[in-house]
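Have a look at the structure below, then the notes.
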Amino acid sequence: MKVGFIGLGVMGKSMAINILNSGHKLKVYDVIEESMIELKEKGAEIGDSTADTCEGCDVIMTSLPNSKIVEEVILGKNGVLEGAEKGSIIVDLSSITPKVIQNIYEKCADKGIEVIDAPVSGGAKGAEEGTLTIMVGGKAEVLEKVKPILECIGKKINYVGQIGAGDTVKLINNLLLGVNMVACAEALALGTKAGIKPDVLYEIISQSSGSSYALKAKYENFISQGNFEPGFMIDLQYKDLELAISTAKDLNAPMFMGNIAQQIFETARAEGLGKKDISAVINLYEKWLNISVRK
Ligand code: NAD
């Protein structure tokens, strides 16, 4: 299959490399030119624009920061819809609001182009290793057609239901990730302030009932090393909490934990940490408690 791939950031670049390494023809595009160099060296074709990248492709994949950018890239001037041919399939891998992908789905249907939402989980490591969990919304028969491509980037491909359903599951997942990340930072900081070594806290809690993905993924490689290069950026986590909060408002559902977690990430952004990994929230607690949660 010929695949067009737009958005070669932390996640997109690794996913694109895995698709290329699986033997598919690949054409890529990103607004940041340097992010395309590695793909070019590995044999991918480089597009001049989004529309140009989509020409002649069976499948067009997008991995972009937020709803507004996905909407612009697909529906906007010189975008995917202009370049894609009838019968092609758009697979949006970004985490965005279900309403936006539903609107894109309807606009693309008018031109005979299918759309599925296929947000991913598993972080930069999962993207590199091709072991992502993928949650898919849209027509089941369209998923079947693109499965060989999704199998290049993920190990668990879950069909959830109608268009937007994948994004809904993803925002619920990331609500939990955000809340758990803040809870981990708060707990590690308290334990350290109380005089327990951070490594001791980690070793015991990671094997006890207080453990979580956030603790396991973010203590050893990030917090304990003082390494806060993303990974998963605070700005993106903030956006995902906003998706959960606005969905909760639409459904009149209480959202205590999500709102509190979002305020902590908002504080981190105000402190200039927006482009750092989510584990960098520990820096706030370290400052407030005058401690260091390092190895
Ligand atoms: P990123 O910011 O590293 O990458 C986004 C890429 O999109 C960048 O290279 C950027 O230059 C490019 N881009 C922006 N506007 C563009 C445009 N108009 N045309 C073409 N390219 C454009 O973000 P990321 O961490 O790779 O995340 C991508 C998506 O995946 C987000 O929706 C995020 O929430 C989601 N996600 C991220 C992770 C993670 O751990 N980083 C995990 C799961 C899901």
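Owing to the predicted nature of the structure, the values given are computational and were not obtained by experimental measurement. Both ligands and their constituent atoms are indexed starting at 1 by order of listing.
- For the residue pair Glu271 and Asn283, no side-chain donor N or O sits within less than 3.5 Å of a side-chain acceptor on the partner.
- Within the hydrophobic cluster formed by Ile, Leu, Val, Met, Phe, Trp and Tyr side chains joined at under 4.5 Å, directly or through other members, Met135 is accompanied by Val160, Val169.
- When hydrogens are left out, the protein atom nearest atom 16 (C) of ligand 1 is Val31 CG2, 3.6 Å; that is the closest non-hydrogen contact.
- Taking all heavy atoms of Leu236, Ile6, Thr62, Leu177 into account, the minimum distance to atom 27 (O) of ligand 1 is reached by Leu236.
- Residue contacts with ligand 1 include Gly123, since one or more of its heavy atoms lies under 4.0 Å from the ligand.
- Assignment of Glu72 to the shell around ligand 1 is not supported, since no heavy atom sits closer than 4.0 Å.
- In terms of protein heavy-atom proximity, atom 41 (N) of ligand 1 is nearest to Gly231 O, 3.1 Å.
- Side-chain contact check for Leu171 versus Asp167: every heavy-atom pair is 4.5 Å or farther apart.
- Contacts with ligand 1 closer than 4.0 Å are made by side-chain heavy atoms of Val73 only, the backbone lying farther away.
- For atom 9 (O) of ligand 1, the nearest protein heavy atom (residue, atom name, distance) is Asp30 OD2, 2.6 Å.
- Of all protein heavy atoms, the one closest to atom 28 (C) of ligand 1 is Ser63 OG, 3.6 Å.
- Under the 4.0 angstrom criterion for non-hydrogen atoms, Ser121 is not in contact with ligand 1.
- The shortest separation from a heavy atom of Ala127 to ligand 1 is not under 4.0 Å, leaving the residue out of contact.
- Side-chain contact check for Lys139 versus Glu114: some heavy-atom pair is nearer than 4.5 Å.
- Under 4.0 angstrom from ligand 1, the non-hydrogen atoms of Val10 come from both its backbone and its side chain.
- Exactly one of Asn174, Asn259, Leu175 qualifies for a side chain to side chain contact (heavy atoms under 4.5 Å, CB included) with Leu241. That residue is Leu175.
- For Ser95, heavy-atom contacts with ligand 1 shorter than 4.0 Å involve the backbone as well as the side chain.
- Of the protein's non-hydrogen atoms, Val120 O, 3.2 Å is the one closest to atom 43 (C) of ligand 1.
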Q: Take Ser279 and Met181, measure what side-chain contact (heavy atoms from CB on, under 4.5 Å) needs, and give me the verdict at the end.
A: CA-CA 7 Å; Ser279 51; Met181 187 68 253; 4.2 Å; yes
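- Screening Ile96, Leu236, Val70 against Pro65 for a side chain to side chain contact (heavy atoms under 4.5 Å, CB included) leaves a single residue, Leu236.
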Q: Decide yes or no on side-chain hydrogen bond (donor to acceptor under 3.5 Å, both in side chains) for Asn103 and Lys107, but give the supporting numbers first.
A: CA-CA 6 Å; Asn103 176 43; Lys107 299 250 163 63; 3.0 Å; yes
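- For ligand 1, none of its N or O atoms has an N or O atom of Gly7 under 3.5 Å away.
- For ligand 1, the atoms sitting less than 4.0 Å from at least one non-hydrogen atom of Ile32 are 11 (O), numbered in the order shown with element in parentheses.
- Counting only distance, with no hydrogens or angles, the side chain of Thr267 and the backbone of Gln263 share a donor-acceptor pair below 3.5 Å.
- Those atoms of ligand 1 that come under 4.0 Å of a heavy atom in Leu64, given as number and element, are 7 (O), 13 (N), 16 (C), 21 (N), 22 (C), 28 (C), 29 (C), 31 (C), 32 (O).
- In terms of protein heavy atoms, atom 2 (O) of ligand 1 is closest to Met233 CE, 3.8 Å.
- Under 3.5 Å, the side chains of Tyr219 and Asp199 contain a donor-acceptor pair of N or O atoms.
- In the vicinity of Lys170, heavy-atom distances shorter than 4.0 Å reach the ligand 1 atoms 43 (C), 44 (C).
- Under the side chain to side chain contact (heavy atoms under 4.5 Å, CB included) criterion, Ala185 pairs with Val281, Ile282, Tyr285, sequence neighbours left out.
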**Q.** Candidate pair Arg269 and Glu266, rule salt bridge (Lys or Arg N to Asp or Glu O under 4.0 Å), full reasoning
**A.** CA-CA 5 Å; Arg269 277 152 55 99; Glu266 180 76 288; 3.3 Å; yes
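- Taking a cut-off of under 4.0 Å to the non-hydrogen atoms of Ser94, the atoms of ligand 1 that pass are 32 (O).
- Residue, atom and distance of the protein heavy atom nearest to atom 4 (O) of ligand 1 are Gly9 CA, 3.2 Å.
- Heavy-atom contacts of Pro65 reach the following atoms of ligand 1: 5 (C), 7 (O), 14 (C), 31 (C), 32 (O) (cutoff under 4.0 Å).
- Atom 42 (C) of ligand 1 has its closest protein heavy atom at Met11 CE, 3.5 Å.
- For the pair Ile90/Ile113, a side-chain contact is recorded, criterion being any heavy-atom separation below 4.5 Å from C-beta on.
- Atoms of ligand 1 lying under 4.0 Å from any heavy atom of Leu8, numbered from 1 in the order shown and given with element: 9 (O).
- Ligand 1 is approached by Lys239 to a heavy-atom distance shorter than 4.0 Å.
- Asp250 has a carboxylate O that lies under 4.0 Å from a charged side-chain N of Lys99, or vice versa, which qualifies the two as a salt bridge.
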